[in-house]
Amino acid sequence: MKRIVSLLIITLYLSSSLTAQEDKGEQPWSVNEATLVGAGGYNIKDSYLSPLKYTGWGLRILNERMKMTRLANYNVSRQQFINLDLAFTRNPAETASSFAGFADYSLGYHYHFLPDPNLKILTGASLKGLFGFIYNTRNGNNPASAKAYINLDASGMAIWHVKVKNVPLTLRYQLNVPVAGVLFSPNYGQSYYEIFTLGNSDGVVRFTSLHNQPSFRQMLSVDFPVGSSKVRMSYVCDIQQSDVNEIQTHIYSHVFMV
C-alpha cells in the first residue's frame with residue numbers, strides 16, 4: 001500500500017510539473033472546463049467482503065479541463081479529470097447495506113485528426129490514479145475493503161459540431177481502457193491487521209492488464225448554449241472489474257450528469 005501511495009504522489013507531482021511547464025509556453029487559448037453533477041445506478045461486488053452483488057444509487061461529481069498544448073505543432077490537447085463517487089447499496093434480500101466512496105485523478109494527452117471541418121478524432125493515452133473504499137455494515141472482522149490503483153489507459157474520442165434548427169451543438173464520445181497498471185489487493189482471507197501491523201504484505205501489490213482488470217469508462221455528452229453560457233449533459237458508463245489474489249471485484253455505474 002505504501003508503494004502505491006508513493007507512486008501516486010510522484011505521478012501527480014510530475015504531472016503538475018509538466019502542466020506548469022507547458023502553460024508557460026502555450027498560446028493564450030481558452031480552457032474548455034466543465035463541472036458536472038449527477039446520479040445513477042450502482043452495482044458493486046467485492047468477494048473479500050461478500051459473494052453477493054449489492055445494488056443501489058450513487059452520486060458523482062466530475063471536473064474536466066481540456067486545453068491545446070505546444071506538442072506536435074499544436075495538434076495535441078491535454079485533458080484532466082477529477083472524479084468523486086459516493087454510493088449506497090443493499091444486498092438482494094435487503095438485509096445488509098454497504099457504502100462506497102472513490103476519488104480518482106487522470107491526466108491524458110490526445111493527438112487531433114481532422115477528417116472533416118466539423119469532426120475531430122482524438123487518440124492518445126492517460127495516467128489514472130484511484131483511492132477508495134467499500135464498507136459493509138454486516139461484517140464484523142473485516143468490514144471494509146480498500147481500493148487503490150494506478151493505470152495507464154488507452155483513450156479515444158470523437159467530437160462532432162452540428163446545428164439543429166440553427167442551435168449549435170457539440171457532441172462527444174470518449175472511451176478509456178486500462179492496458180497496464182499496479183493494484184493493491186489483500187490476499188483472500190487476509191486481514192488488514194496482518195498487512196499493516198504485522199507486515200505480511202507479500203503479494204498485495206499486483207501488476208494488472210486486460211487479463212485481470214478488464215475495465216472501461218465511456219462518456220457521451222452534448223454541449224448546447226443557454227444565453228451567454230453553455231450547458232453540458234452527459235451519460236457516463238463506468239465498468240471497473242478486477243480478479244486479483246482470488247478476490248473478484250466489480251463496480252458498475254450508469255450515471256446521468258449535467
Side-chain angles (χ1 to χ4, degrees), residues 1-16 42-54 56 58-61 81-91 96-107 126-153 178-215 217 238-253:
M1 184 63 176
K2 291 181 180 178
R3 282 177 283 179
I4 284 191
V5 174
S6 299
L7 282 171
L8 185 56
I9 291 174
I10 293 171
T11 298
L12 297 184
Y13 174 77
L14 293 176
S15 299
S16 63
Y42 283 70
N43 183 317
I44 297 176
K45 176 186 175 181
D46 188 332
S47 62
Y48 179 80
L49 301 174
S50 171
L52 301 176
K53 300 176 183 178
Y54 282 63
L59 300 174
R60 171 171 291 193
I61 301 174
F81 277 117
I82 299 175
N83 182 78
L84 301 174
D85 283 270
L86 185 62
F88 174 77
T89 56
R90 297 183 65 84
N91 65 3
S97 59
S98 69
F99 299 92
F102 309 99
D104 65 75
Y105 171 81
S106 65
L107 175 67
S126 66
L127 196 64
K128 175 183 174 182
L130 176 142
F131 283 105
F133 70 92
I134 302 173
Y135 177 78
N136 192 302
T137 60
R138 191 172 189 175
N139 290 6
N141 293 331
N142 296 323
S145 176
K147 302 297 174 188
Y149 63 71
I150 299 174
N151 283 335
L152 176 65
D153 292 2
V179 294
V182 290
L183 176 146
F184 166 80
S185 173
N187 294 287
Y188 185 79
Q190 183 182 30
S191 68
Y192 286 89
Y193 174 81
E194 294 179 59
I195 299 172
F196 297 109
T197 302
L198 301 181
N200 299 330
S201 59
D202 290 344
V204 299
V205 177
R206 293 292 190 181
F207 171 78
T208 58
S209 188
L210 298 176
H211 69 288
N212 59 0
Q213 194 187 26
S215 306
R217 176 187 287 179
D238 206 347
I239 305 298
Q240 304 296 319
Q241 303 176 113
S242 65
D243 188 350
V244 177
N245 291 342
E246 300 184 38
I247 296 174
Q248 292 80 42
T249 300
H250 75 233
I251 303 164
Y252 304 152
S253 61

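Computed from a predicted structure; not experimentally measured. Starting from 1, each residue takes its place in the sequence as its number.
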Colleague: What distance separates E246 CD from D243 CG, expressed to the nearest 0.5 Å?
Modeller: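 Spacing of CD (E246) from CG (D243) equals 9.0 Å.
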Colleague: Which residues pass the salt bridge (Lys or Arg N to Asp or Glu O under 4.0 Å) test with D153, not counting sequence neighbours?
Modeller: none
Colleague: So how far is it from L52 CG to D46 CG, rounded to the nearest 0.5 Å?
Modeller: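 Going from CG on L52 over to CG on D46, the span is 12.0 Å.
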Colleague: A side-chain contact here means heavy atoms from C-beta on lying under 4.5 Å apart; do N83 and R217 qualify?
Modeller: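 N83 vs R217: side chains touch.
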Colleague: Decide yes or no on side chain to side chain contact (heavy atoms under 4.5 Å, CB included) for R138 and S50, but give the supporting numbers first.
Modeller: CA-CA 9 Å; R138 191 172 189 175; S50 171; over 6 Å; no
Colleague: Can you tell me how far OH of Y193 sits from CG of N200, rounded to the nearest 0.5 angstrom?
Modeller: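 Going from the CG atom of N200 to the OH atom of Y193 covers 10.0 Å.
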Colleague: Let me see the working for Y252 and K53 under side chain to side chain contact (heavy atoms under 4.5 Å, CB included), right down to the final yes or no.
Modeller: CA-CA 11 Å; Y252 304 152; K53 300 176 183 178; over 6 Å; no
Colleague: Given 3.5 Å as the limit, does a donor-acceptor pair link the side chain of N136 with the main chain of L49, or not?
Modeller: no
Colleague: Do other residues, nucleotides or ligands put more than 12 heavy atoms under 6.0 Å from the CZ atom of F133?
Modeller: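 Yes, because the 6.0 Å sphere around CZ of F133 holds more than 12 heavy atoms from other groups.
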Colleague: What heavy-atom pair brings T89 and S98 nearest, and what distance separates the two atoms?
Modeller: OG1-OG, 2.5 Å
Colleague: I'd like to know if the side chain of T137 reaches the main chain of S97, judged simply by a donor and an acceptor atom lying under 3.5 Å from each other, with no hydrogens or angles considered.
Modeller: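 Yes, because the side chain of T137 sits within donor-acceptor range (under 3.5 Å) of the backbone of S97.
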Colleague: Before giving the answer on side chain to side chain contact (heavy atoms under 4.5 Å, CB included), spell out for V204 and Q190 the whole-Å C-alpha distance, their side-chain angles and the decisive distance to 0.1 Å.
Modeller: CA-CA 10 Å; V204 299; Q190 183 182 30; 3.8 Å; yes
Colleague: Name the orientation class of the two ring planes belonging to F99 and F88 (parallel below 30°, tilted from 30 to 60°, perpendicular beyond 60°).
Modeller: tilted
Colleague: Minimum heavy-atom separation for S145 and Y192, please, with both atom names.
Modeller: CA-OH, 3.5 Å
Colleague: Where do V179 and S209 come nearest, in terms of heavy atoms and distance?
Modeller: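 Residues V179 and S209, closest heavy atoms: O-OG, 2.7 Å.
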Colleague: CZ of F102 to CZ of F131: how many Å apart, nearest 0.5 Å?
Modeller: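 One gets 13.5 Å once the value is rounded to the nearest 0.5 Å.
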Colleague: Taking all non-hydrogen atoms of both residues, which atom of P51 and which atom of K45 are closest, and how far apart?
Modeller: O-CE, 3.5 Å
Colleague: Please list all pairs meeting salt bridge (Lys or Arg N to Asp or Glu O under 4.0 Å) that have one or both residues in residues 179-191, counting only residues at least two apart or in different chains.
Modeller: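 Qualifying pairs: none.
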Colleague: Mind checking the CG-CG spacing from D238 to D85? Nearest 0.5 Å is all I need.
Modeller: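 D238 CG to D85 CG: 7.0 Å, rounded to 0.5 Å.
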Colleague: Grab the two heavy atoms, one from N212 and one from T208, that are nearest each other, plus how far apart they are.
Modeller: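 Result for this residue pair: OD1-CA, 3.2 Å.
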Colleague: If you apply the rule side chain to side chain contact (heavy atoms under 4.5 Å, CB included), what do you find for F196 with S201, and how did you get there?
Modeller: CA-CA 7 Å; F196 297 109; S201 59; over 6 Å; no
Colleague: When rounded to the nearest 0.5 angstrom, what distance separates CD1 in I150 from CG in D104?
Modeller: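 Reported value, rounded in 0.5 Å steps: 12.5 Å.
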Colleague: If we ignore hydrogens and angles and just use 3.5 Å, is the side chain of Q241 paired with the main-chain N or O of P214 as donor and acceptor?
Modeller: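 At least one qualifying donor-acceptor pair exists.
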Colleague: Please name the pair of heavy atoms, one in A144 and one in Y48, separated by the smallest distance, quoted to 0.1 Å.
Modeller: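 Closest approach of A144 to Y48: O-CE2, 3.7 Å.
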